[in-house]
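Report on the following structure.
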Amino acid sequence: DDNLEAKEVAEQLALRIKIVTNKPQNVVIGKGSNRILFSKNNQIEKEGYVLKVTSTGVIIEASNPIGHFYGLQTLLQLFPAEVLSSSFQSKIILSLPECTIKDQPRFEYRGVMMDVGRYFFPVSFIKKLVDVIAAHKLNVLHLHLTEDQGWRIEIKKYPRLTEIGSIRKESMLGHYRDQKYDGKPHGGFYTQDEIRDLVSYAQRKFVTIVPEIEMPGHALAAIAAYPELGCTGEQYEVGTKWGVEERVFCPNEKTFEFLENVLTEVIDLFPSQYIHIGGDECPKTAWKNSQFCQDLMKKEGLKDEHELQSYFIRRIDKFV
């Protein structure tokens with residue numbers, strides 16, 4: 001239709017058909033029969049669409065490219081399953097049932113969370129996950145990037161986060177109660193260029209990637225890289241056990257400076273409306289044993305270590 005906005009969505013469909021039929025498809029602006037037409041209809045809600053399949057062609061109506069994209073996902077579901085193949089199928093017949101579908105999401109935020117902190121997955125795998133998320137009309141990938149067991153994102157100002165913090169010497173084997181280990185190093189991280197590429201890939205499928213940088217707990221990989229971020233300054237190793245770790249960030253000015261610098265780089269990489277800062281499962285043992293923390297609580301009028309955790313989160317919250 002007279003709809004330049006829908007052109008990229010139409011091109012995604014043309015590429016998909018070309019892959020499985022080996023026949024290039026033209027993307028043109030203008031009406032006509034025997035076409036799959038992406039048409040603009042400003043009466044339809046932001047992520048909604050109307051899909052009509054008749055004997056003369058297909059029309060997908062939406063008010064914006066997001067609606068057209070979701071209409072395209074439904075169209076692909078109506079085709080034979082072979083349309084989602086990654087290779088040429090010489091005998092495939094792409095037929096569709098005649099139908100009218102009106103659809104819009106019930107919830108604005110439709111998310112999936114992936115924990116790459118415990119186990120690293122390459123960018124190619126996450127792109128496949130984005131494809132699956134988009135096919136099911138989900139729109140948020142919450143990427144859990146930092147953990148006791150591994151730091152997974154390059155931070156230019158703090159290279160040891162990935163030099164040291166991205167690799168643990170071994171992982172737990174079997175059940176936690178067995179207390180056995182596999183003896184194999186596990187590691188990996190995403191460069192900033194890889195993150196930009198991944199964010200851009202997800203945006204084309206209308207998936208927002210929300211990064212999570214954990215604090216004040218789940219911080220052992222960072223403390224192993226920069227011991228001054230802990231309460232004792234001791235040199236630790238990146239975590240190898242699962243579960244909740246007692247060695248946590250110390251709420252001193254060095255830590256706040258570190259986290260603000262890290263978050264500045266993270267915010268620059270992710271255009272998401274949200275930045276996730278964790279905030280859960282922070283044992284208080286290290287803070288109870290720290291004279292600095294006890295003095296800080298008195299100075300700030302905090303009655304216990306739980307209020308100290310709130311103080312920590314409020315400071316970062318204000319910065320973000």
Heavy-atom pair with the smallest gap, counting every atom of [X] and [Y]:
| X | Y | result |
| --- | --- | --- |
| R204 | F69 | O-CE1, 4.2 Å |
| E47 | N139 | OE2-ND2, 3.5 Å |
| S272 | P211 | CB-CD, 4.5 Å |

Name all pairs fulfilling the salt bridge (charged side-chain N to carboxylate O under 4.0 Å, His left out) condition that reach into [range], sequence neighbours left out, sorted by first residue then second.
| range | value |
| --- | --- |
| residues 210-221 | none |
| residues 173-195 | D193-R196 |
| residues 291-300 | none |

Should we say atom [atom1] of [X] is surrounded by more than 12 heavy atoms from elsewhere, each under 6.0 Å from it?
| X | atom1 | answer |
| --- | --- | --- |
| K52 | NZ | no |
| E108 | CD | no |
| Q43 | CD | no |
| E260 | CD | yes |

Under a 3.5 Å distance rule, please check whether [X] uses its side chain to pair with a backbone N or O of [Y] as donor and acceptor.
| X | Y | value |
| --- | --- | --- |
| K137 | A135 | no |
| R16 | V83 | yes |
| E265 | K156 | yes |
| Q235 | P227 | no |
| D131 | A134 | no |

Looking only at the aromatic ring of each residue, does the gap between the centers of [Y] and [X] stay below 6.0 angstrom?
| X | Y | result |
| --- | --- | --- |
| F120 | F189 | no |
| F256 | F312 | yes |
| Y311 | W287 | no |

Which ILVMFWY residues can you reach from V50 by hopping between side chains whose heavy atoms are under 4.5 Å apart?
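Once heavy-atom contacts under 4.5 Å are chained together, V50 belongs with I44.
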Are [X] and [Y] ion-paired here, with the side-chain N under 4.0 Å from a carboxylate O?
| X | Y | result |
| --- | --- | --- |
| R314 | D317 | no |
| E61 | K40 | no |
| R315 | E253 | yes |

Kindly assign one of parallel, tilted or perpendicular to the pair H218 and H144, based on the angle between their ring planes and the thresholds 30° and 60°.
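H218 and H144: perpendicular rings.
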Face-on cation placement of [X] at [Y] ring, 6.0 Å and 45° thresholds:
| X | Y | answer |
| --- | --- | --- |
| K127 | Y201 | yes |
| R152 | Y190 | no |
| R168 | Y181 | no |

Check side chain to side chain donor-acceptor pair (under 3.5 Å) between S310 and all other residues, then give those that pass, not counting sequence neighbours.
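Not a single residue meets the side chain to side chain donor-acceptor pair (under 3.5 Å) criterion with S310.
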Applying side chain to side chain donor-acceptor pair (under 3.5 Å) as the test, list every pair that has at least one member in residues 90-103; sequence neighbours left out.
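Listed once each, the pairs are Y49-D103.
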